[in-house]
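What's counted below: heavy atoms across the whole structure, side chains too, no hydrogens, waters or symmetry copies. All chains are named by letter (A, B, ...) in the order of the sequence lines, taking the proteins before the strands, and each is independently numbered beginning at 1.
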Amino acid sequence: MPFQLLKTDTQTAARLGSLGLPHGVVETPIFMPVGTQGSVKTLHPAELEELGAQIILGNTYHLWLRPGHELIRDLGGLHQFANWQHPMLTDSGGFQVWSLAKLRKITEEGVRFQNHLDGSRMLLTPELSMEIQAALGSDIAMLFDECPPYPCDETYAATSLALTTRWAQRCKDWVTTNEPRSGNGRQHHFGIVQGSVYADLREQSARELVALDFDGYAIGGVSVGEPEEEMFRAIENAVPFLPVDKPRYAMGLGTPPQILEMIGRGVDMFDCVMPTRVARHGVAFTLDGPLQMKNLIHAKDPRPICESAHPHVAGFSRAYLRHLFRAGEILALRLLSFHNLHFYLSLVAGAREAIANGTFAEYKAAFIRRYTSKS
RNA sequence: GGGUAGAUGCCCGAGUGGCUAAAGGGGGCAGACUGUAAAUCUGCUGGCUAACGCCUACGCUGGUUCGAAUCCAGCUCUGCCCA
């Protein structure tokens with residue numbers, strides 16, 4: 001059984017689980033650091049291990065363009081290539097189709113676009129996305145989907161969803177034909193629920209994907225500019241139609257409070273560039289909310305970033321971190337990336353512990369209360 | 001001592017009669033960032049004011065002009081060259 005549901009919270013929909021993958025077991029709820037180009041920006045794999053990262057992301061679109069999936073396959077796969085021996089999930093490139101919108105055209109066949117590196121015209125299809133991900137050898141491959149924009153009228157959302165479903169069928173067909181392996185070494189495949197802000201479409205999407213039977217289900221098309229309430233609603237509209245014995249993954253989320261809100265709604269997996277991206281821009285997450293380390297108020301502050309800081313970071317004062325950022329020192333980016341991932345990974349580790357103890361509701365409420373109160 | 005080039009806002013630097021509170025860059029102060037085209041992007045940056053606006057500003061003093069950072073005279077200082 002690849003996914004084991006160990007416990008379901010009685011007060012909320014939070015779940016404690018264990019996901020067995022070819023390169024190891026992942027405890028859920030889990031946060032997955034994003035390593036788009038086969039690298040979690042600024043961090044060494046040993047540091048990710050030190051942080052307790054259990055699974056990281058890679059990206060089909062980026063690795064396909066450079067250095068190429070065949071090269072990676074010939075060098076032993078993405079794990080070997082990136083020197084990361086724990087589970088990895090690869091995104092399908094569907095999101096890039098959305099974020100590179102100005103350069104692309106979606107057809108039944110797939111997506112034609114000009115790549116951002118040299119502008120040459122390329123075609124990414126569901127079959128090719130699965131082929132690339134198989135070559136990369138990730139533990140979890142995401143299906144190739146279309147992520148509709150926000151706002152998005154219902155007609156477009158329905159048309160887009162129908163296409164995503166047909167693409168899901170093609171992805172499954174490709175896997176059945178080309179990757180018939182089974183057992184523990186087998187790559188897992190997650191479908192992606194779309195449907196924008198429309199409840200009936202979310203339900204329809206979930207039902208259609210479940211009928212195709214995947215190893216897990218993601219909720220996509222969120223965090224694309226919609227208000228936070230819409231985002232929560234999209235999750236709520238999809239979760240009831242997903243099987244309890246399969247992992248659920250909210251793609252691209254979120255802020256620390258959002259993560260806890262989603263866990264409380266029954267989501268098991270998260271990924272987000274926020275902790276690493278804002279780290280490079282000077283923001284440190286703390287139990288009392290985010291801190292912009294470049295700001296003047298820290299100039300003479302001898303305190304560490306946060307009482308929750310990892311020992312590797314706790315020895316540095318806020319004043320020193322501000323200095324590093326102003327001086328343009330690379331260490332600043334590394335320290336905050338390390339810190340923010342520690343913050344996120346501790347957040348979900350705390351959630352797992354709380355679910356196990358039956359105290360998740362209190363854990364969530366206490367965290368959010370302190371995080372959002374202006375101190 | 002003679003010649004010559006120059007002195008602009010926190011710094012560098014454009015501007016050679018009105019469109020100039022003065023380009024651009026740096027620095028500074030903030031903000032944004034959610035399946036990473038992101039060590040990126042955006043805003044503000046003389047003073048007072050919520051704003052209209054007023055005041056003070058282009059080395060100093062005086063002058064020409066309806067109007068001067070821009071033209072003229074003298075002075076001060078700086079770089080370079082010659083003695």
Side-chain angles (χ1 to χ4, degrees), chain A residues 31-43 55-63 65-66 88-104 113-119 129 133 138 140-148 150 190-194 216-228 230-232 234-235 249-259 261-262 267 269-283 285 290 292-299 322 324-337 340 344:
Chain A
F31 177 78
M32 306 180 281
V34 179
T36 303
Q37 313 212 54
S39 156
V40 176
K41 294 186 193 298
T42 80
L43 297 181
I55 173 171
I56 65 174
L57 260 65
N59 188 275
T60 297
Y61 170 82
H62 292 278
L63 294 171
L65 292 190
R66 183 172 57 194
M88 285 186 120
L89 178 151
T90 43
D91 188 22
S92 63
F95 186 76
Q96 278 59 48
V97 170
W98 171 76
S99 63
L100 301 168
K102 317 93 220 164
L103 304 172
R104 52 84 167 148
F113 62 93
Q114 287 186 270
N115 79 51
H116 69 281
L117 295 178
D118 64 7
S129 177
Q133 294 185 76
S138 54
I140 299 172
M142 300 304 298
L143 299 204
F144 189 65
D145 65 332
E146 190 206 343
C147 179
Y150 179 89
F190 280 26
I192 304 174
V193 177
Q194 290 293 352
Y217 299 91
I219 297 158
V222 283
S223 70
V224 289
E226 78 281 13
E228 190 177 72
E230 291 281 13
M231 189 175 83
F232 290 143
I235 301 291
Y249 164 27
M251 304 190 78
L253 299 179
T255 66
Q258 285 170 358
I259 301 258
E261 292 290 356
M262 305 277 171
V267 178
M269 303 166 70
F270 305 89
D271 80 282
C272 192
V273 304
M274 184 172 280
T276 43
R277 177 181 293 165
V278 302
R280 297 192 301 279
H281 300 163
V283 175
F285 288 100
Q292 173 50 263
M293 297 312 305
K294 292 190 272 198
N295 285 0
L296 182 60
I297 46 169
H298 305 115
R322 171 175 140 89
L324 290 183
F325 268 102
R326 283 161 34 99
E329 285 292 335
I330 294 169
L331 182 60
L333 314 186
R334 287 177 35 67
L335 290 176
L336 248 50
S337 294
N340 284 349
Y344 268 66

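Remark: B:C75 base-pairs with B:G59. Criterion, Watson-Crick or G-U wobble with two distances under 3.5 Å. Pairing for B:G43 goes to B:C29, judged as Watson-Crick or G-U wobble with the two contacts each under 3.5 Å. Remark: B:U70 base-pairs with no nucleotide in the shown strands. Criterion, Watson-Crick or G-U wobble with two distances under 3.5 Å. The partner of B:A38 is absent, by the rule that a Watson-Crick or G-U pair needs both atom distances under 3.5 Å. Across all strands shown, nothing is found opposite B:U20 as a Watson-Crick or G-U wobble partner with both distances under 3.5 Å. B:G1 is paired with B:C82 under the criterion used here, namely a Watson-Crick or G-U wobble arrangement in which both key atom distances are under 3.5 Å.
Across the C1' atoms, B:G74 and B:G24 are found 35 Å apart, a figure rounded to whole Å. Nucleotides B:U16 and B:C54 are separated by 29 Å at their C1' atoms, to the nearest Å. Going from the C1' atom of B:C12 to that of B:G28 covers 15 Å, rounded to whole Å. The same atom, P, is picked in B:G18 and in B:C10; the two are 25 Å apart, to the nearest Å. Separating the P atom of B:C58 from that of B:C11 is a span of 14 Å, rounded to the nearest Å. Distance check on atom P: B:U36 versus B:G27 gives 30 Å, rounded to whole Å. Taking the P atoms as reference points, B:A7 lies 26 Å from B:U65, given to the whole Å. A distance of about 9 Å separates the C1' atoms of B:U8 and B:G15, rounded to the whole Å.
A donor-acceptor contact shorter than 3.5 Å links the side chain of A:N115 to the backbone of A:D118. Although no hydrogens or angles enter the test, the distance criterion places no donor-acceptor pair under 3.5 Å between the side chain of A:Q37 and the main chain of A:S39. At distances below 3.5 Å, at least one donor-acceptor pair connects side-chain atoms of A:T60 with backbone N or O atoms of A:D91.
Annotation: salt bridge (Lys or Arg N to Asp or Glu O under 4.0 Å) contacts of A:E230 (sequence neighbours excluded): A:R233.
Across all strands shown, A:T42 has no heavy atoms under 4.0 Å from either base or sugar-phosphate atoms.
Distance, A:R280 CZ to B:A37 C1': 12 Å, rounded to whole Å. With rounding to whole Å, A:N340 atom CG is found 16 Å from B:A38 atom C1'. The interatomic distance linking A:L89 (CG) with B:U36 (C1') rounds to 15 Å, in whole Å.
Between A:F325 and A:H298, the ring centre distance reaches or exceeds 6.0 Å. Within the 6.0 Å centre-distance limit, the rings of A:F285 and A:Y344 are counted as a close aromatic pair. Between A:Y61 and A:F113, the ring center distance clears the sub-6.0 Å criterion.
Of all nucleotides listed (B:A37, B:A39, B:U36), B:A39 comes nearest to the side chain of A:L333.
With a 6.0 Å radius and a threshold of 12 heavy atoms from other residues, nucleotides or ligands, A:L331 has its CG atom above the threshold.
Judged by closest nucleotide on RNA chain B, A:K41 is the one of A:G328 and A:K41 placed further toward the 5' end.
With hydrogens and angles left out, the side chain of A:T276 and the base of B:U36 share a donor-acceptor pair within 3.5 Å.
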Task: Under 4.0 Å protein heavy-atom contact, by nucleotide of nucleotides 30-35 of chain B - B base, S sugar-phosphate only - done: SSBBBB
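OP1 or OP2 of B:G28 sits under 4.0 Å from a side-chain N or O of A:R326.
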